[in-house]
Structure formats: C-alpha cells, structure tokens
Amino acid sequence: MGYYTNFSLDSYHEDVVIPEDVSGWCDQDFFDSKEVHEAKWYDHIDDMLKVSLANPDVEFRTSGVGEEPEDQWQCVFLNGKYKKVVAEITFKNFKDVEWE
C-alpha cells in the first residue's frame with residue numbers, strides 16, 4: 001500500500017535543470033505546479049540533491065505533510081547538500097489558557 005505525503009516546492013528558479021536519472025515525481029510538472037499530492041516519493045531527498053547539483057547556487061525549499069499528524073517537515077537544498085527540520089507540535093500550558 002505505501003505511505004502518502006503531500007509535497008510542495010517553496011522556492012526555485014524558472015529555468016531549472018532536471019537530471020534524467022531522477023524519479024517520476026521530480027519532473028517539470030512538479031516544478032511548474034509546485035506541488036504533488038498523495039505521492040509515494042520515497043526518493044525525494046536523493047532526487048532533490050541531484051536537482052540541486054544540476055543547478056548550482058540555487059536554493060530549493062520543499063515541504064511535506066504525511067499521513068500522520070506529526071509527520072510535517074521542511075527541507076532546503078543548495079549545491080548538493082541539504083538540511084531538514086521536522087515540525088514540533090506543542091501545547092500551551094493550561095495556566096495560560098482562559099476558562100470557557
């Protein structure tokens with residue numbers, strides 16, 4: 001069955017070079033629409049690293065929301081390297097919330 005994630009592209013440049021050896025999700029449609037829904041894009045990091053290497057000095061930012069509520073993240077790719085941050089869900093302290 002697999003695990004579905006909604007991916008979005010937050011930044012890139014207009015004339016992006018897409019290497020031929022990336023998976024099907026990482027195509028011109030993704031860069032034009034800036035999103036893909038309910039995808040099983042397991043090679044997201046590897047594909048975006050290849051795109052990053054093919055487009056030196058261009059920063060690409062992607063984000064994803066998986067099937068589980070806590071599965072939310074953002075990545076930034078630059079010159080064949082990447083950083084990833086995962087969302088942290090927190091709750092206010094009850095003493096800071098008004099009674100209803």
Side-chain angles (χ1 to χ4, degrees):
M1 183 167 166
Y3 186 83
Y4 293 99
T5 302
N6 293 327
F7 293 89
S8 62
L9 178 66
D10 302 317
S11 68
Y12 79 106
H13 69 104
E14 294 298 320
D15 300 318
V16 63
V17 175
I18 304 170
E20 291 185 22
D21 62 340
V22 298
S23 67
W25 294 112
C26 192
D27 61 9
Q28 191 61 49
D29 289 341
F30 175 63
F31 288 94
D32 289 342
S33 69
K34 299 183 182 175
E35 59 187 24
V36 63
H37 296 283
E38 297 183 357
K40 297 178 187 179
W41 188 5
Y42 303 124
D43 296 326
H44 164 257
I45 299 290
D46 293 335
D47 286 345
M48 289 304 300
L49 286 172
K50 291 174 186 175
V51 170
S52 176
L53 281 171
N55 298 271
D57 300 320
V58 176
E59 182 176 283
F60 296 90
R61 290 180 179 264
T62 60
S63 57
V65 178
E67 293 180 50
E68 301 296 325
E70 67 277 356
D71 185 12
Q72 299 180 44
W73 49 263
Q74 295 178 338
C75 287
V76 61
F77 300 86
L78 181 64
N79 296 326
K81 296 181 181 181
Y82 80 101
K83 295 181 183 184
K84 181 177 182 179
V85 293
V86 178
E88 295 179 12
I89 300 172
T90 61
F91 293 95
K92 287 185 174 183
N93 189 313
F94 278 113
K95 69 179 183 178
D96 298 329
V97 178
E98 297 293 323
W99 288 97
E100 301 210 17

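- At least one donor-acceptor pair under 3.5 Å links the side chain of Asp27 to the backbone N or O of Phe30.
- With contacts defined as side-chain heavy-atom distances shorter than 4.5 Å, the pair Val51/Val16 qualifies.
- Residues Met48 and Cys26 are in side-chain contact: their nearest non-hydrogen atoms beyond the backbone lie under 4.5 Å apart.
- For the pair Tyr42/Lys40, a side-chain contact is recorded, criterion being any heavy-atom separation below 4.5 Å from C-beta on.
- Under the 3.5 Å distance criterion, the side-chain polar atoms of Ser8 are left unmatched by any main-chain donor or acceptor of Glu35.
- Annotation for Cys75 and Ile45: closest pair SG-CD1, 3.8 Å, computed over non-hydrogen atoms.
- Around the CD atom of Gln28, the shell of radius 6.0 Å holds more than 12 heavy atoms that belong to other residues, nucleotides or ligands.
- Judged by distance alone, the side chain of Lys50 and the main-chain N or O of Asp21 form a donor-acceptor pair under 3.5 Å.
- Here the side chains of Glu67 and Tyr3 are in contact, with some heavy-atom distance below 4.5 Å.
- Rounding to the nearest 0.5 Å places CD of Glu88 at 12.0 Å from CD of Gln72.
- Ser23 and Asp47 share a donor-acceptor pair across their side chains, judged by distance under 3.5 Å alone.
- A distance-only check finds a donor-acceptor pair linking the side chain of Asn55 to the backbone of Val17 [under 3.5 Å].
- When side chains are defined from C-beta on, Phe60 does not count as touching Val76, because their heavy atoms never get closer than 4.5 Å.
- Looking only at side-chain heavy atoms (C-beta outward), Asn6 and Glu38 come within less than 4.5 Å of each other.
- With Thr62 as the fixed residue, the side-chain contact (heavy atoms from CB on, under 4.5 Å) test singles out one of Tyr82, Phe77, Trp41: Phe77.
- Across Ser63 and Asp10, no two heavy atoms sit closer than the pair OG-OD2, 3.5 Å.
- For Trp25 and Phe7, the distance between ring centers is not under 6.0 angstrom.
- Counting all heavy atoms, side chain and backbone alike, Glu70 lies closest to Ile89 at CA-CD1, 3.9 Å.
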